[in-house]
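Residue numbers start from 1 in every chain, and the chains themselves are labelled A, B, ... in the order their sequence lines are given, proteins ahead of strands. These values consider heavy atoms only, across backbone and side chains, with no hydrogens, waters or symmetry-generated copies.
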Amino acid sequence: MTRLSQYLLPTEKQAPADAEAISHKLMVRAGLIRQIGAGMWTWLPAGWRVHERVVQIIREEMDAIGGLEMLMPVLQPAELWRRTGRYEIEELFKLDDRKGSELVLALTHEEVVTTHVAQIVRSYRDLPLILYHVQVKERDEARPRAGVLRTREFIMEDSYSFDRDAEGLDERYGLHVGAYDRVMQRSGLRFYRVESDVGMMGGLGAHEYMAPCPAGENEVVLAEGYSANVEVASADPQPVALPPAPGTPETVGTPGISTCAEVAELLELPLGATLKSYAAVVGEESGDGRFVLVLLRGDHSVNEVKLDNALGARSRPARPEEVQAALGPPGFIGPVGAGGEVEILLDAGATLRAEGGGYVTGANRADEHLRGVVPGRDFPFREVDVRGVLAGDTIEGAAITIEPAIEVGNIFKLGTRYSEPLGARYLDESGVERPIWMGSYGIGPARIVAAAVEQFADEHGISWPKALAPFAVHLVALGKPGTPERDAAERLYETLTEGGLDVLYDDRDLAPGEKFADAELLGCPLRLTVGKRSLESGEVEVQVRRGRREAPGLSLAAEPSELVRAVDELWQSLP
RNA sequence: CGGGGAGUGGCGCAGUCUGGUAGCGCACCCGGCUGGGGGCCGGGCGGUCGCAGGUUCAAAUCCUGUCUCCCCGACCA
């Protein structure tokens with residue numbers, strides 16, 4: 001029974017003044033969500049229906065790969081998080097109970113699930129396992145934004161796999177790839193599964209599910225047969241013509257000129273013929289930091305995630321006084337004569353096209369640069385791939401594109417990152433104790449909902465994929481209550497509902513324009529209209545929301561079962 | 001955390017500079033008309049002007065402090 005006259009669907013003509021993202025504006029306007037604080041949102045009845053449609057799809061696909069649903073608490077002992085070294089995470093909400101015991105609010109559930117498995121699993125016969133739940137996550141985000149796209153409290157489906165060894169983990173990982181692919185497909189989203197950063201915690205492999213849309217906070221790099229998060233993407237740079245190199249580098253005066261762009265302009269060279277020197281200090285977290293000099297083509301820039309991965313440790317840009325001490329005046333540093341204690345990394349984008357020419361670099365002396373510098377001849381280096389890819393780069397000859405996208409899911413090979421500190425071990429066939437190999441996997445239903453809004457909305461409002469729509473059919477009754485056309489609408493509503501269709505029946509006493517506007521704002525896939533015209537023609541009008549296309553009318557005189565079948569058939573045919 | 005902006009009825013806003021009756025549109029309630037794209041007429045309800053303190057005969061308006069929210073960036077295990 002879903003009559004709009006008795007439902008809570010607070011639609012708004014105007015979007016909240018401070019909303020920016022399409023999904024933020026439309027989900028509030030359509031009466032799906034309401035805000036109660038920064039990053040804190042309530043799902044109103046119609047919005048919650050959409051959210052739960054996503055969750056239901058996830059459940060079905062997780063169960064299909066043998067996942068076992070359970071439920072773990074959000075409130076957890078701080079001690080567990082100390083053991084895994086995650087207590088210091090800034091996003092972790094920390095609190096005390098009345099006795100002064102330290103607690104945290106979980107931002108994910110590795111600690112708890114691994115602790116249980118450590119207690120329960122003894123033998124190789126107990127493995128493998130896939131455990132999942134759909135539970136609230138709490139994160140003290142630095143900046144919540146864009147409606148439900150980035151909130152401090154949100155619901156996540158998180159799954160954890162437990163295996164005897166790396167091969168088992170690969171298998172469980174593959175099962176999750178299949179399940180998550182199917183979730184995304186069934187939800188009707190456009191999405192990419194991209195390679196992603198494994199992070200500093202030493203994961204063994206990771207992918208993210210990315211839904212392209214303008215409000216996306218991430219960027220995905222795409223080419224034929226290739227997709228990756230821009231944080232880890234690699235591609236071939238556009239070529240640059242280097243000037244011929246003399247036998248040895250020669251000094252050029254560059255008074256007061258320190259940026260690559262200025263140097264290139266002064267010497268009338270392409271920007272890519274200069275070498276940018278990026279000085280960094282790496283490995284401070286594990287004790288002694290060391291100084292490294294990273295060289296890239298002047299038209300390229302450092303991707304710090306890739307750099308950290310190449311170095312195997314976290315790095316930061318060097319401070320000017322550190323640069324001065326290690327090499328020379330900031331703005332004029334370079335690799336030539338840098339001395340043995342400075343490690344020199346050369347980005348692959350600069351080595352690729354270096355044959356037969358020389359670069360311009362800093363001279364490590366104020367107001368001077370060197371031209372005709374040839375990597376290898378004039379300085380030793382280790383080749384790395386640390387540059388951020390750019391639009392126009394190529395992969396196997398094909399140009400890449402870079403698109404903004406929302407991260408709607410991720411999958412991660414954890415290995416023994418959590419099983420070791422939490423003591424999750426088992427005895428193998430020969431009685432040897434071994435650590436359990438884990439994977440973790442997550443989907444944000446709210447982000448799938450928001451991404452669907454972003455991807456398919458038009459100027460009239462939301463246009464749900466049929467799998468996510470709060471209702472299959474939005475039935476609009478026109479005319480005054482008590483009129484014959486209202487009676488006809490009432491009968492149609494009952495017929496369709498009894499036939500098993502999810503129907504939202506707009507029985508309010510409002511002007512037609514308001515009802516149509518609300519229907520298109522809410523975005524159910526099919527809109528049926530019953531008015532005076534329907535009685536005259538004997539047909540119910542049908543509008544397909546996607547594209548606002550008129551579909552052939554349905555005969556009011558048809559048998560109930562025939563009406564239901566016709567509507568259902570049309571619904572099935574929609575995206 | 002850095003930069004910018006905003007808190008006035010359910011929503012969107014004006015009023016603040018220059019202190020003196022809190023106002024507009026939409027929504028809502030009542031009555032009537034209308035009835036296929038946010039319709040019309042008339043009558044109403046509803047506001048501690050974010051909060052605290054101060055200045056003043058008098059504060060939405062001036063001063064001090066504070067809280068909250070939004071946007072951009074940084075961050076995002």
**Fill in**
By the Watson-Crick or G-U definition, both distances under 3.5 Å, B/C62 is matched with B/G54
**Prompt:** Do we see a donor-acceptor contact under 3.5 Å between the side chains of A/Tyr180 and A/Glu157?
**Reply:** yes
**Request:** Just name whichever nucleotide pairs with B/G25, Watson-Crick or G-U, keeping both distances under 3.5 Å, else none.
**Result:** B/C11
**Asked** Given A/Gln543, which of A/Glu520, A/Arg549, A/Glu550, A/His474 fulfils the side-chain hydrogen bond (donor to acceptor under 3.5 Å, both in side chains) condition?
**Response** A/Glu520
**Item:** Contacts of A/Asp506 that satisfy side chain to side chain donor-acceptor pair (under 3.5 Å) - sequence neighbours left out
**Value:** A/Arg508
**Request:** Please name all residues satisfying ring-ring contact (aromatic ring centres under 6.0 Å, His included) with A/Tyr160, sequence neighbours left out, ordered by chain then number.
**Result:** none
**Message:** If the threshold is 4.0 Å, N to carboxylate O, is there a salt bridge linking A/Lys94 and A/Glu88?
**Reply:** no
**Message:** When you measure from the side-chain N and O atoms of A/Arg145 to the phosphate of B/C72, is any distance below 4.0 Å, counting only OP1 and OP2?
**Reply:** yes
**Asked** Between B/A52 and B/C33, how far is it from one P atom to the other, in whole Å?
**Response** 49 Å
**Asked** To the side chain of A/Glu91, which of B/C75, B/C69, B/G38 is closest?
**Response** B/C75
**Prompt:** Of the candidate nucleotides B/C71, B/A77, B/C70, which contains the atom at the shortest distance from the side chain of A/Glu20?
**Reply:** B/C71
**Complete:** The ring-ring contact (aromatic ring centres under 6.0 Å, His included) partners of A/His300 (sequence neighbours excluded) come to none
What does the list of N/O pairs under 3.5 Å between the protein and nucleotides 43-45 of chain B look like, with a distance for each?
none

Kindly give the atom pairs (protein nitrogen or oxygen, nucleotide nitrogen or oxygen) under 3.5 Å for nucleotides 11-15 of chain B.
unit_1	atom_1	unit_2	atom_2	d
B/G12	OP1	A/Ala17	N	3.3
B/G12	O4'	A/Gln14	OE1	3.3
B/G12	O2'	A/Gln14	NE2	3.3

**Nearest to side-chain heavy atoms of A/Arg527, which nucleotide of B/A77, B/C69, B/G37** = B/G37
**Fill in**
Sorted by chain and number, sequence neighbours left out, ring-ring contact (aromatic ring centres under 6.0 Å, His included) with A/Phe162 holds for none
Protein N or O to nucleotides 28-35 of chain B N or O, pairs below 3.5 Å:
unit_1	atom_1	unit_2	atom_2	d
B/G35	O6	A/Lys480	NZ	3.3
B/G35	N1	A/Asp509	OD1	3.4
B/G35	N2	A/Asp509	OD1	3.1
B/G35	N2	A/Leu510	O	3.2

**Request:** Pull out every residue in residues 450-458 of chain A that has a heavy atom closer than 4.0 Å to any atom of RNA chain B, ordered by number, or say none.
**Result:** none
**Under the ring-ring contact (aromatic ring centres under 6.0 Å, His included) test, residues paired with A/Tyr132 that sit two or more places apart** = none
Do any N or O atoms of the protein come closer than 3.5 Å to N or O atoms of nucleotides 1-6 of chain B, and which pairs are they?
none

**Item:** Contacts of A/Ser555 that satisfy side chain to side chain contact (heavy atoms under 4.5 Å, CB included) - sequence neighbours left out
**Value:** A/Ala557, A/Ala558
**Prompt:** Where the side chain of A/Trp464 meets the backbone of A/Phe456, is there a donor-acceptor pair that is under 3.5 Å apart?
**Reply:** no
**Message:** Once you apply a heavy-atom cut-off of 4.0 Å, does A/Thr11 come out as touching a base, just sugar-phosphate, or nothing?
**Reply:** nothing
**Asked** Do any pairs count as a salt bridge (Lys or Arg N to Asp or Glu O under 4.0 Å) and have a residue in residues 25-44 of chain A, sequence neighbours left out, and if so which ones?
**Response** A/Glu12-A/Arg34
**Whole angstrom value for the distance that separates P of B/A27 from CG of A/Leu9** = 17 Å
